[in-house]
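Below: the structure, in structure tokens.
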Amino acid sequence: MSTNLLALLPELMLALTGVLVMLAEPLIPAGRTRKPLGYLAILGTAASGLAALYQLRIVDGSAPLTAFSGTIQIDAFSVFFHLLIASIVLVTLLASLDYFEDPITHAGEYFALVCFGATGMMFMTSSVELLMVFIGLEISSISTYILAGFRKGRATASEAAIKYFLLGSFATAFFLYGIALCFGATGSTSIAAIAAGLAITKTPLLGWLAVAMVLIGLGFKVSAAPFHVWTPDVYQGAPAPVVGLMSTAPKAAAFAVLLRFLFNATPMYRDHWVLMIAILAVASMTIGNLGALLQSDVKRLLAYSSIAHAGYLLVAFTGTQRDAVSTACFYTAAYAAMNVGAFVVLTQLSGFDEKLRTLDDFTGLALKRPVLSAIFAFFLLSLIGIPFTGGFFGKFYVFSAAVHGGYTWLAIVGLANSGVACFYYLRLLAALYARPATDTLADTPTHNYRVTAPAALALAATAAATLVLGILPNRVLHLTQRAAPTTTIAQAPTAPTTPQ
Amino acid sequence: MNPQLLWLIPILPFAGFLLNGTIGRKLPRALVATIALLFTLAPALIVVQLWLFMKSDGAPLALSVVSCPWIAVSGFSVNFAFTVDHLTLVMLGIITGVGFLIHIYSVSYMAHEEGYWRFFAYLNLFMFFMLVLVLASSFLLLFVGWEGVGLASYLLIGFYFTKDSAANAGKKAFIVNRVGDFGFLLAMFLLIAHYGSLDFNTIFASIAASPLTGGLFTAIALLLVLGATGKSAQIPLYIWLPDAMEGPTPVSALIHAATMVTAGIYMVARCHILFDHSPAALTVVACIGAATALFAATIGLVQHDIKRVLAYSTVSQLGYMFLACGVGDYSAGIFHLMTHAFFKGLLFLAAGSVIHALSGEQDMRNMGGLRKRIPITFWTMSAGVFAISGIFPFAGFYSKDEILFDTFTSPNHLHILLWLVGLVTAGLTSFYMFRLWFKTFFGTPRFDEHTAHGPTHAPDLHAAHLAAVHASKTSTLVLEAEPEPTHTAHAHGVHESPWLMTLPLVVLAILSLIGGWVGIPEALGGHDEFKHFLSPVFNAGLDIAANPQHFLMERVDAGISLLVALLGAFIAWYAYCYKPGTAAALAAKYRRLYSLVDHKFWVDEIYGRFIITPILVVSRLLLNGLVDGGIIQGSASSLAASTRGGGWLVRRIQSGNIRSYAGWLAAGAAVVIAIVLFSHHTLPH
Amino acid sequence: MVPIAYYLVLAAVLFCIGIAAFLIKRNVITIFMSIELMLNAVNLTFVAFAHMWHQVSGQIFVFFVMVVAAAEAAVGLAIIIALFRVRQTLNVDQVDLLKN
Amino acid sequence: MEIALFLIFGLLAVAGALNLLFQRHPINSALSLVVVMMSLAVLYWSLGAEFLAAAQVIVYAGAVMVLFIFVVMLLNAGEEERSHGSKIAYIAGIPGAAAIFCLLSFVFLSERSHLGFTNLGGYLSSTVSNISEISHTLFTSLLLPFEVTSILILVAILGAVVLARKEL
Amino acid sequence: MNFDPIILTLIIATPLAGAILLAFIPEKEGSKTHAIGALLISLFTLLLTLHLPAHFNYHAAPRTFQFEQNLSWIPSPNIRYHLGVDGLSMWLIVLAAFLAPIGVLASWNVISTRTKLFYTLFLLQQVAMLGIFAALDLFLYYGFWELSLVPITLLIATFGRTENRRRAAIKFFLYAFIPSAILLVAILWLYNLTGTFDLPTLQALALSHHLAATPTALLLCSIAFLVAFAVKVPVFPLHGWLQDAVAEAPTAAVMVLAGKLGLYSILRFSFGIFPDQSRHVAPVLIALGAIGIVYGSLIALIKTDLKKLAAFSTLAHASFVILGIFTFTIIGLDGGVFQILNESLIGAAFFVLLGLLYERYGTYDMRDYGGLATRHPWMVTMFVITVLAAAGLPMLNGFVGEFLILSGSMQSIFAHHIFWTVLAATGVIFGASYLLWMIQRVFYGKLGVRPEEVRGWDLTAREHLELWPFAALFLLMGIASPFWMRAIDTYGAATAGKVVEIAPGWYKNTETNAYTVNNQELGRWCLDHPGGCRVSIGFHVAASKEAR
């Protein structure tokens, strides 16, 4: 067994950061600001990002690097997601540095939890052993349950937490059942072995059942309809920066798992799950967009839009393996950039005790906060899928994959959906830029502290990312295309002997 | 001479237009007038030189100049190109000559108008387009002039645009002409489609070489006729001309009597080769001409507005010209066109002088006994009246007689009927012209000395006011027209017009006396120079006039027409001088008939009710209301509504209750499991 | 000599009773218990399969599940307490501020 | 003998589960859940997982359920009132659950022939103990999950602290 | 130095740079900084565009492009940064650049608040439009196409006239966006079929019938293209957005709202990639065009809101172009393309004039106007000139276009074309009617209600500056059309398919519209052309597709 710590470098960094933050927290006397902890967390996250880059240098060209007796596999795929998650967390931390005014809100624990959660997500993406995946999933889930309920005083916060927690555990049970059935069908829980085992299994039905159960479990995590029901409520109740995080990073991780599972563990069952995926995609896109259509609460609106985007992302799965993986990876990145960005803007606009919530609160905001509004508008345009933004290239890439995979009808449905979608984004956009009926902007409540340097940095980073992914996506595209083939396991270990 | 001079003929007036149009507002009136006159005189001089050149032996039959292409695409191109043949020469003479005279007249007539510069700019613009029209060597260029004169007339009729009646009249003129142009355009499209060109020579050559037969050819001809009826105010499109009297009187004289309205006849004559190959079309032309002549004459009988009487007589005379073309004697048509230009121009100018004298009074019921007060006007106008009525030896006699005779001898199987119509019209013409003559100049003065004043500022203001009331009754394109209060000024007394106005009258009077002598047929001892002059263009029609056994017939015919004219004159004298009450009594006796004629057979109303109103109603209710508002907007909004419904449904699902959510999850899970388990049966592979 | 399938069916029964309990119970704590029931069902499945494959890793998986369940219990009950503090109720039917 | 074991404790587990479902008072539900766990422990043992049987009793029935009951007491939750917040749970959920059950058992029963039978004897007679095997795997091939679980616990503690601590 | 390869990039980059620049200049209340900046930038762009006609090669082989710039942008999927113009797009680019400064001048005083936002969006709109005209890579083109929606939508939503502005903006966006979404699918489908987004390659493949797909599929794909463009034109039944958008949009935005973008796209892409399919649907489009002409004119006849009248006259004029280009005769195509220029110019002038009226009297309702001619002699002159150009008076530009279009449709070989031509020709009558009626109701007669209350003034120097270029162009294009037509004709001749050899190795039978290809010759051509490789790729794809 090889205990190659290089394989764990980013996770280790994050975990250590979390621990350090926790250790440092008591040193800061009560009533004092927790910002230093935030900076500490930021440093740690940046370090783990660099570590991921270093891993990229390692896996460059050479075969994927497995460690801890095959539980962890470092390849372009996992490194891509490591980078993605690290940067998402980084941006979130930057954005939430000034989020907590009063120290009673456990800023320290917040930073620690974010780091730990990120660790779990990273483990999800890099592990090829379902047990490991499960634990990573639980780490990320539990930490996000807590983060969702972080604005304790408020009734909505704890409600969001409880809903997320109960339904989350409910779905976890399904996921777990799926793993159990995989184990039952193949006698193993490592991706490679499952792939090998399913090829020769005598009980294919168990395999199909396993696929279904895993789809349900992960479908919940990526909030794909009909397992999306928790999303709007939780997003509305949770703090804005946390929503930014939990609408992207855990989803990205869950999608990574889904990709690994579907394309590595059960490729031979494609006929069984591809139609299912297509149906889930259609349902998610439609329900998400329709739900957002009449929303007045902006966070809720973005929640529905994230459901729709999960649908777009599922469309990618209908492509051939190579297309699917690379397009899905790219879309995840693009979506992360614009969505986190949007929520960073929200954080800046409405602050801890969300003063701006409904569409009316945003009407004519461009007059008061021109820069923030412009950036927000940019993210919205990207979410619509206007060219020269990451959102557009992502959509374009995804739907081309679908068409290439022979799912033209799905592409048509999807693009028609994006037509519906632009209605509610535009409502928000038009509201931002419309001159309010009464030119008394004074009484419109807005959260008036100026955008601090870290937040500005976060905004700049997300905006730049969204733009670059739209105009010069080559680097990222290259990485995702490299990630594609490595998700296929080179050697299939011998399946355990079936009972005599 | 240098053919490039041809370019100058239209371009000079255009230069005048540009000068007056841009900076004229700043210039003194004298200068404006001088510019306008100079830029009209110059082309006239060029035309004279041209005429001398063409008369000289060894001169070519036609003189052409070609310039850069105007429209050029692969497979089709049209150049700027002018051609002068004898037909064009005649037209040029009329336009520049009469045009120049009327310019002179206007200088003093419009002396006190607002927008003096505008008026002359428009007049020059008109000259430009009219000259282009007659010089054009291709249908398209002709069409340029054709539309251009329409524009000029639109602007000049609407000269007093502050009054809705004037603006309406202008718009009506333009749009009715557009209906004609519609036909003209279609004809051109067909020509392009089948000859790939619009050049006169090319087309006529290929027609002469291989005449297309069948409906298409007739269609082209008839479409051209539609265009001609629009421009030359023939049935069914004559309705704009009477309203066009809203414009200043010189405009009526120049555009709506002498030149523009004859463009249709010119066009038909120009395309005579085309028509010669389509007898059906020719018959139509003849019938339209005859019908219009009679129809307009009857309306003219009962008009009281002096200018409207002249307007209807113009329509009627144009009908004659159409008739002439219709029976294939184009030269006769052109001949009458020329004489008509003289005497009708004269009549309008004289009428203008009368109106001027009476400070804008146009209603003949308020005139009378002016013989002594404005002698020059009286004498010159008399010449005009005699000429138009066809009294020997005035110009009208010869031209009209030739038309009647040619109609009678034409091979057309309707020729007798047409001839009778022409004859009756001749009688009616002389009746209403003499009626006008008597009512204006003889009898007791019926006008009020005190309102009569002058030199008036805007005679036509008052005229237009009368017309406005009139138009609001008749013209259907009028939306609202309230008569304006007639402005009163200090009394001054009836007076003769200044010499600048009387000079053109005199010249034209002489012309309407002797103008016809160039066309005295052999039968009456002349040589018919006119016909010979035009023979290079229309080589047809000579044979009939030439052979002597027709001489007797022609003399008889001439006698009959003269008698009819005198009869008409006599009845007019009887009804309006000898026993003034007669007309009124007759009108009372046949009230229905009278009101029918008085309301011009309700034609405007019929057009209004059966064409314009339906179009507006359809656009408003059907197109705008049903199609646009209902179907096109409705479909979009219904789509949006259904989507909203979906949104509402999704929000309902989001009830906020954890157990419901779990319910959805469970159900969804069941579905997913079922699909994954059993989808492989449905998937083809 | 019991067919493994019986154990699996038993697990399925327990799992679905757990689902039903989640759907029917109103008390948050009880709902949480029903989740625990579902996890137990899965565990039984694991153990049965582990027995079938003679694979100890299945049992280890169950061990981990127990750990995770304990952790979840800690967090979940904490959340429930927090909820109770602000809402003074444990009835999920009254926890629906966030909707539509 | 095995079949008897299976039947008795299987039925006991189901009964307990149903009791959980039908009891109105949380405490009763909790206790019936304990019953389920206990009988499951026996079944584990009958499947040759004695270590898990023990762990089940100690960790689950012991620690976790105690925690539950503690919370029930803390919030002194009384009889739950049968409020009617959700129709969907009955319209969609219950049929869904039933369908899931049918599908699962359909699969298991149709695969029963391939799934084979239990043989308790084989395990009991095996010389090498189940525990040592487990521990060996746990500290070699599954070391990483074992380590990472610590993070999980850490997170749980953090969360408990953050959420449950009463603000001043 | 030789600007030819980069000129198009410069033309597109200039307004973009300008927009970014303006975005960073702080905005002061009532300052003209941004207006001046925008004016200078757009003038400079115009100057750059003049390079194109100056260096255009009129003898280039048909279906080849000039001032090409062809760089690899994204290797996989194979997306290229490929710009280029031909006889079709050259004048359109100049036109777009010409309208920009006018638009700035027209907004000079009207836009007093949030000038920064306004002019930034305006310049972005320029970027998108120029990009659309220059792009030869389907992906790049689609980018600009979608991008062009955003600034206009925001301009309408922000600077709209009434409270209805937000609805109008969203309506416009949805109408344009949803069909373009389907267009994207069609583009992807094509890419999946051929492995290239490159227009010349696709054209070559289409001409040689190497688009290996079922006729139905190709037809559907072509319809997806056509509908997306037709909505933007708009073509008759798809004009639901026009009325509101035009009524709301500020002058500068309304100039670029309808017409040229969609029409150009039809000519370039529908005709380029789907020559046969376009001919297949031509009869329908001819009918729609003819109906649109009459329909638009008739509704304009009864509209009392000047902006809405203008909207429907836009519909009528755009329908003229549709009628012309779908006749697939040289005359019709040339006339159609020429009419795009006319329609844009006339429409722009008309909207500028309406804007001036609104600036003075604050209403677009004709019934409140009347008798302005005495007060604004210059304005009425300009109005009349514009109206006459629109009504198609000879010697003004409108006539040349309409005449060629109608004679082209009389020549066309499609079913019932004579009937549709006659119907369309009646538009000549109705057009004159509503325009002259409008003139009369606004300018003639007695002084209207608003003018009596409000004191208006005649054209200022700036407004003269806005309008005289139009008047001059109307006259010039009316009497010297060959100057423009020369370039347009190179496109028209090639598209109407009268040429024997349309590109090296491609031959066409003018009667049957059947294409034949000489592979050796084409192969040679591929070798010494930079785009050649892509053509051969296209071949392999197509061949392999056929092999299956």
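To find a chain, count down the sequence lines: A is the first, B the second, and so on, and within it residues start at 1.
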Quiz item: Is it the backbone or the side chain of T119(A) that comes under 4.5 Å from a heavy atom of chain D, or both, or neither?
Solution: side chain
Self-check item: Pair listing, salt bridge (charged side-chain N to carboxylate O under 4.0 Å, His left out) test, anchored in residues 70-80 of chain D, at least two apart
Solution: K25(C)-E80(D), E80(D)-R82(D)
Quiz item: Can any side-chain N or O of E138(A) pair as donor or acceptor with the backbone N or O of L152(D) at less than 3.5 Å?
Solution: no
Quiz item: What's the shortest heavy-atom distance between A15(A) and I151(D), and which atoms?
Solution: CB-CD1, 4.0 Å
Self-check item: Minimum heavy-atom distance G159(D)-I146(A), with the two atoms named
Solution: CA-CD1, 3.2 Å
Exercise. Can you tell which part of I72(A) gets under 4.5 Å to a heavy atom of chain D, answering side chain, backbone, both or neither?
Key: side chain
Quiz item: If you measure from CD on E11(A) to CG on L144(D), what distance do you get to the nearest 0.5 Å?
Solution: 8.5 Å
Self-check item: T140(D) to S69(A) - nearest heavy-atom pair and separation
Solution: O-OG, 4.1 Å
Self-check item: Spatial distance of atom CG (L142(D)) from atom OG1 (T189(A)) [nearest 0.5 Å]
Solution: 7.0 Å
Quiz item: Side chain, backbone, both or neither: which part of Y145(A) has a non-hydrogen atom closer than 4.5 Å to chain D?
Solution: neither
Quiz item: Relative to chain D, which segment of T71(A) carries a heavy atom at a distance below 4.5 Å: side chain, backbone, both, or neither?
Solution: side chain
Quiz prompt | Engaged part of I139(A) at the chain D interface, taking heavy atoms whose separation is under 4.5 Å | solution = both
Quiz item: Quick one: what part of F134(A) sits under 4.5 Å from any heavy atom of chain D, side chain, backbone, both or neither?
Solution: neither
Practice problem: Kindly compute the distance separating CG (L154(D)) from OG (S143(A)), expressed to the nearest 0.5 Å. | Solution: 11.0 Å
Quiz item: Which residues in residues 86-109 of chain D have any heavy atom lying under 4.5 Å from a heavy atom of chain A?
Solution: I100(D), L104(D), V107(D), F108(D)
Exercise. Considering non-hydrogen atoms only, spot the tightest contact between L205(A) and S110(D) and give its length.
Key: CD1-OG, 3.3 Å
Quiz item: Any idea which heavy atoms bring K202(A) and E111(D) closest together, and the distance?
Solution: O-OE1, 3.9 Å
